[in-house]
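Numbering of ligands and ligand atoms starts at 1, following listing order.
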Amino acid sequence: MFPKLAEDLAELPGLLEETRTYATRILAGLEDRPAALPGAPGSSVPLPDSGDGLRAAMAAFAARWEPGFSGSAGPRYLGFVTGGSTPAALAGDWLTSTLDQNANGAVGSSAVSLEREAVAWLGELFGLDMPGAFVTGATTSNLVGLAIGREWLGELRGVSVTDEGLTGPIRVLSGTPHSSIGKSLSVLGIGRKRLVPVPLWPDREAVDVSALERELAAGPAIVVANAGTVNTVDFDDIRAIASLKSRYQFWLHVDAAFGGFAAVSPTYAQLLDGWAEADSVCVDLHKWLNVPYDSAVQFTRRQDLQVRVFENQSPYLGAPGDNPDPMHLTPETSRRLRALPAWFALAAYGRSGYREIVERNISCAQEMGTRLAASPRWKLLAPVRLNVVCFTPTESQVADVLDDLTRSGEAFLTPTVYQGIPAIRAAFSNWRTTSADVDRVCAALGV
Ligand SMILES: *Cc1c(COP(=O)(O)O)cnc(C)c1O
């Protein structure tokens, strides 16, 4: 064995203890770490010839890279939609790497059974009675749902797209789709230009269901319903869309990347009314479940079509069978057991724990929205429907506001454009955030 590797093996317990101490110190400083950093340029060094073992690697990381890492796991990183990592999720993630399972049934491990339990728990949490699998993020979850929809449309036309490739254009209808839908259509060979933007209700990001119905009258399609848009967390009327199924042929995919967590709160669950009737559903987990990157779940009621798309048969791996292995369900073949952090988090905090996190985040967003609305220096661009505040300064430029805020280290918010207006979003989805953090963000903004 390479001598430095043999030394690390001999010292493994002590080295892991040092790693734990280091990680604990980082976590203890998370609240004070700048929410975001411009990115340390870092002078590059050449590849070491022999290396100096784990302890030296950790010292080099601590000196050269860690100071430039943001506090994105902390309570005032409100950019994009960013979760953190709960204690249980972090422990589950450490153990995922410790046990280092390939999450496939053929490898002789109960890892896949644990993944199935975690998917079933998520189904119970969300009120969805469909099988599913873990993937790396909502982009991949959307890609899988759309791939199954592509196969379903092929079946209507009497072709297997999986075997033959696309034989004709596919229309994809959506009101305010996330950018990952276009990316998925590109990867799937459907084409970004096949995305048909359907008109919205006035002053909303939700699709006009009558306009959608007119598009559906033109022939079979894939419909992407949006359950939580990025700018204003608007929800399509999924119940009304699902009811069109009695008259038109379409695959209903619901992108509920973070909006799906409305299901854990009796106050907000009705926003998702009808989503259990979807053909496929996407929910991100590294956002509001607060598990570490990367993790999402995809659900579908047509696992038969899913296996057709993703099956990975070979003499040494075996055929999919009745209860298909995840490698026959997702783009990856060898897979990290990313179900374990989610399993730990659900086992540790359960339904009530997530209800508390989600409702606390929503009330933080509402509090910030109320304060901004009361100040003449700011304008709210949409009501705070869930966990995102979308607003714009009346006396200064968005870029200046955000630069000053990022430089202060107090908080990180991200820009957008809503209805043609340059705007700012504050998205609350971290388990640590409290109303004291809203105070600090508002103080830093001068609200
Ligand atoms: C975040 C998000 C995605 C993409 O998620 P990734 O985890 O970044 O792949 C898709 N749809 C919506 C609505 C999102 O908010």
Distance-only criterion, 3.5 Å: show the donor-acceptor pairs between side-chain atoms of residues 386-393 and protein atoms not counting sequence neighbours.
unit_1 : atom_1 : unit_2 : atom_2 : d
Asn387 : ND2    : Phe428 : O      : 3.1
Thr392 : OG1    : Pro422 : O      : 2.8

Exercise: do Gln298 and Gln306 side chains pair donor with acceptor under 3.5 Å
yes

Short N or O contacts of ligand 1 with protein, under 3.5 Å, listed by atom name?
unit_1   : atom_1 : unit_2 : atom_2 : d
ligand 1 : 5 (O)  : Asp284 : OD2    : 3.2
ligand 1 : 7 (O)  : Ala138 : N      : 3.1
ligand 1 : 7 (O)  : Asp284 : OD1    : 3.4
ligand 1 : 7 (O)  : Asp284 : OD2    : 2.6
ligand 1 : 7 (O)  : His286 : NE2    : 2.7
ligand 1 : 9 (O)  : Ala138 : N      : 3.4
ligand 1 : 9 (O)  : Thr139 : N      : 2.8
ligand 1 : 9 (O)  : Thr139 : OG1    : 2.6
ligand 1 : 11 (N) : Asp255 : OD1    : 3.2
ligand 1 : 11 (N) : Asp255 : OD2    : 2.8
ligand 1 : 15 (O) : Lys287 : NZ     : 2.8

Tell me which donor-acceptor pairs under 3.5 Å the side chains of residues 227-235 have, and how far apart each pair is, sequence neighbours excluded?
unit_1 : atom_1 : unit_2 : atom_2 : d
Thr229 : OG1    : Glu205 : OE1    : 2.7
Thr229 : OG1    : Val233 : N      : 3.3
Thr229 : OG1    : Asp234 : N      : 2.8
Asn231 : OD1    : Thr416 : OG1    : 2.7
Asn231 : ND2    : Val417 : O      : 3.3
Thr232 : OG1    : Glu205 : OE1    : 2.5
Thr232 : OG1    : Arg385 : NH1    : 3.2
Asp234 : OD1    : Arg204 : NE     : 3.2
Asp234 : OD1    : Arg204 : NH2    : 2.8
Asp234 : OD2    : Arg204 : NE     : 2.7
Asp234 : OD2    : Glu205 : N      : 2.8
Asp234 : OD2    : Ala206 : N      : 3.3

Is there side-chain contact between Arg171 and Ile222, with heavy atoms separated by less than 4.5 Å?
no

In terms of relative ring orientation, are Tyr293 and His286 parallel, tilted or perpendicular, with 30° and 60° separating the classes?
tilted

In chain order, what residues pass the side-chain hydrogen bond (donor to acceptor under 3.5 Å, both in side chains) check against Lys245, with sequence neighbours excluded?
Asp279

